[in-house]
Protein chains: 2
Amino acid sequence: MTVGDPAPADLSGRRSTRQRSALVALLEELDEFRSAQDLHALLRARGDAVGLATVYRTLQSLVDDGQLDVLRSTDGEAAYRRCSPSHHHHLVCRSCGRTVEVADPPVERWAARMAAEHGFTDVQHQVEVFGTCAACTTAPS
Amino acid sequence: MTVGDPAPADLSGRRSTRQRSALVALLEELDEFRSAQDLHALLRARGDAVGLATVYRTLQSLVDDGQLDVLRSTDGEAAYRRCSPSHHHHLVCRSCGRTVEVADPPVERWAARMAAEHGFTDVQHQVEVFGTCAACTTAPS
DNA sequence: GATGTTCATGAGAATCATTCTCGCACAGCG
DNA sequence: CGCTGTGCGAGAATGATTCTCATGAACATC
Ligand SMILES: [Zn+2]
Ligand SMILES: [Zn+2]
Ligand SMILES: [Zn+2]
Ligand SMILES: [Zn+2]
């Protein structure tokens, strides 16, 4: 361990503030993808007022630290959700937002092999599945 | 042919205008995903001036008619490209935009089966693969 | 070719998510 | 208890996309 090494409270080197804690706590309770605007409103509603700019900044830092997944909806709005550390994809209910994390090695291998066959390197992929969950299929509109 | 039946030049019921033709012709020449702003600039550069609002409107109508694919980049900008009519996905070079259309029945079946196992209905999916193409890997920065 | 109805166009304003600015507050540290 | 650099936030700025609405053009009909 070199001299300049900070090694603060958590591994990310982020300071622990009321705002960051409130946002992390909220995300911990939620199970669906929510937009930054949504999260900001939810925080305000529960009394943990946080500036909108801070919500955006903190979400971005959490994404950079790999603690959140981001999804871009068709209307261009980004949605965030806490995620497990291992690589996975999502099955999302387009009605209520309920989300299931799914992993599938064959898909991973297919993407890598297919890209390699076309001479592509440094490959990444994006796989999301949308549908209507059982509860929403049953429930009235 | 009944009386009220329009049956215009193309099947879509869209009027044939100079602006629409110019945009369609441009898209026909391009092989990569380009943003609406890009396409607007390209049209202007080649002398086929078209209003920005018209570019957006026309792109949207072509997407609705299934003649274009849309991709939402991480910065929230939508990119468009002409597409073949059958279901497929893309292998996109994140450096030059070169795109290869790929189809893979196993992935289709996996998505459908996996969603069904979780009780989801009305399933759709989104699968895109990004990488650096052979040419861009070789070329200097 | 002339005409009327209807849809398309486009300049500019409006919308809206996201980012930036920058002075002030405070977490972490000794 | 101060110091210092990072985090905060109100408001402005950005930038893509959409809307408004008066004008222009396509097309079926005469
Ligand atoms: Zn649902
Ligand atoms: Zn994967
Ligand atoms: Zn390339
Ligand atoms: Zn597919």
Side-chain angles (χ1 to χ4, degrees), chain A residues 1 3-26 33-44 47-65 67-68 70-81, chain B residues 1-26 33-44 47-65 67-68 70-80:
Chain A
M1 192 179 285
V3 177
D5 202 341
D10 60 304
L11 295 309
S12 58
R14 316 280 183 189
R15 286 189 181 176
S16 163
T17 66
R18 173 184 67 79
Q19 292 86 344
R20 168 170 278 255
S21 302
L23 180 54
V24 169
L26 174 60
F33 280 90
R34 305 301 288 263
S35 71
Q37 303 278 348
D38 273 358
L39 294 168
H40 176 244
L42 287 171
L43 284 175
R44 166 165 299 188
D48 294 325
V50 175
L52 184 55
T54 299
V55 171
Y56 276 101
R57 255 188 313 240
T58 306
L59 286 173
Q60 191 53 58
S61 75
L62 289 170
V63 170
D64 292 344
D65 294 348
Q67 305 187 298
L68 290 185
V70 194
L71 221 56
R72 291 207 165 258
S73 57
T74 45
D75 64 347
E77 210 176 359
Y80 303 82
R81 179 180 184 273
Chain B
M1 191 182 289
T2 45
V3 178
D5 200 343
D10 61 302
L11 295 311
S12 58
R14 316 281 183 188
R15 287 187 181 176
S16 164
T17 67
R18 172 183 68 77
Q19 292 86 342
R20 168 170 277 255
S21 302
L23 180 54
V24 169
L26 174 60
F33 280 89
R34 305 302 287 263
S35 71
Q37 303 278 350
D38 272 358
L39 294 168
H40 177 244
L42 287 170
L43 283 174
R44 167 164 298 188
D48 294 325
V50 175
L52 184 54
T54 299
V55 171
Y56 276 102
R57 258 189 311 243
T58 306
L59 286 173
Q60 191 53 60
S61 76
L62 289 169
V63 170
D64 291 344
D65 295 349
Q67 305 188 299
L68 289 186
V70 194
L71 222 54
R72 291 207 165 258
S73 56
T74 45
D75 64 347
E77 211 177 357
Y80 303 82

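All figures in this text were calculated on a predicted structure; none of them were measured in a lab. Below, read A as the first sequence line, B as the second, and so on, with proteins coming before strands; counting in each chain starts at 1.
One can place CG of B:L59 at 14 Å from P of D:dA16, the figure rounded to the nearest angstrom. Look at CD on A:E77: it is 15 Å from C1' on D:dT18, rounded to the nearest Å. Per the geometry, CG belonging to B:D75 stands 12 Å off P belonging to C:dT18, to the nearest Å. The nearest whole Å value for the distance from the CG atom in A:D64 to the P atom in D:dG7 is 12 Å.
Contacts between residues 33-43 of chain A and DNA chain D, defined by a heavy-atom separation under 4.0 Å, are absent.
Put simply, the residue from B:L59, B:V50, B:T17 that forms a side-chain contact (heavy atoms from CB on, under 4.5 Å) with B:L23 is B:L59.
Here the shortest heavy-atom pairing between B:R20 and B:R15 reads CD-O, 3.6 Å. Between B:A49 and B:R18, the shortest heavy-atom distance links the atoms O-NH1, 3.1 Å. Closest of all the heavy-atom pairs between B:R72 and A:S73 is CD-O, 3.5 Å.
Note that the OG1 atom of A:T58 and the CZ atom of A:R14 stand 9.0 Å from one another [nearest 0.5 Å]. Residue B:Q67 holds its CD atom at 14.5 Å from OH of B:Y80, rounded to the nearest 0.5 Å. A:L39 contributes atom CG, which lies 5.5 Å from atom CG of A:L26 (distance to the nearest 0.5 angstrom).
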Report all interatomic pairs (protein N or O, nucleotide N or O of nucleotides 7-11 of chain C) with separations under 3.5 Å.
{"unit_1": "C:dC7", "atom_1": "O4'", "unit_2": "B:R15", "atom_2": "NH1", "d": "3.4"}
{"unit_1": "C:dC7", "atom_1": "O4'", "unit_2": "B:R15", "atom_2": "NH2", "d": "3.0"}
{"unit_1": "C:dC7", "atom_1": "O2", "unit_2": "B:R15", "atom_2": "NH1", "d": "3.1"}
{"unit_1": "C:dT9", "atom_1": "OP1", "unit_2": "B:T17", "atom_2": "OG1", "d": "2.7"}
{"unit_1": "C:dT9", "atom_1": "O3'", "unit_2": "B:Q19", "atom_2": "NE2", "d": "2.9"}
{"unit_1": "C:dG10", "atom_1": "OP1", "unit_2": "B:Q19", "atom_2": "NE2", "d": "3.0"}
{"unit_1": "C:dG10", "atom_1": "OP2", "unit_2": "B:G51", "atom_2": "N", "d": "2.9"}
{"unit_1": "C:dG10", "atom_1": "OP2", "unit_2": "B:T54", "atom_2": "OG1", "d": "2.7"}
{"unit_1": "C:dG10", "atom_1": "N7", "unit_2": "B:R57", "atom_2": "NH2", "d": "2.7"}
{"unit_1": "C:dG10", "atom_1": "O6", "unit_2": "B:R57", "atom_2": "NH1", "d": "3.2"}

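Note on B:Y56: a side-chain N or O is less than 4.0 Å away from OP1 or OP2 of D:dT17.
Residues B:Q19 and B:D48 are not in side-chain contact: their nearest non-hydrogen atoms beyond the backbone lie 4.5 Å or more apart.
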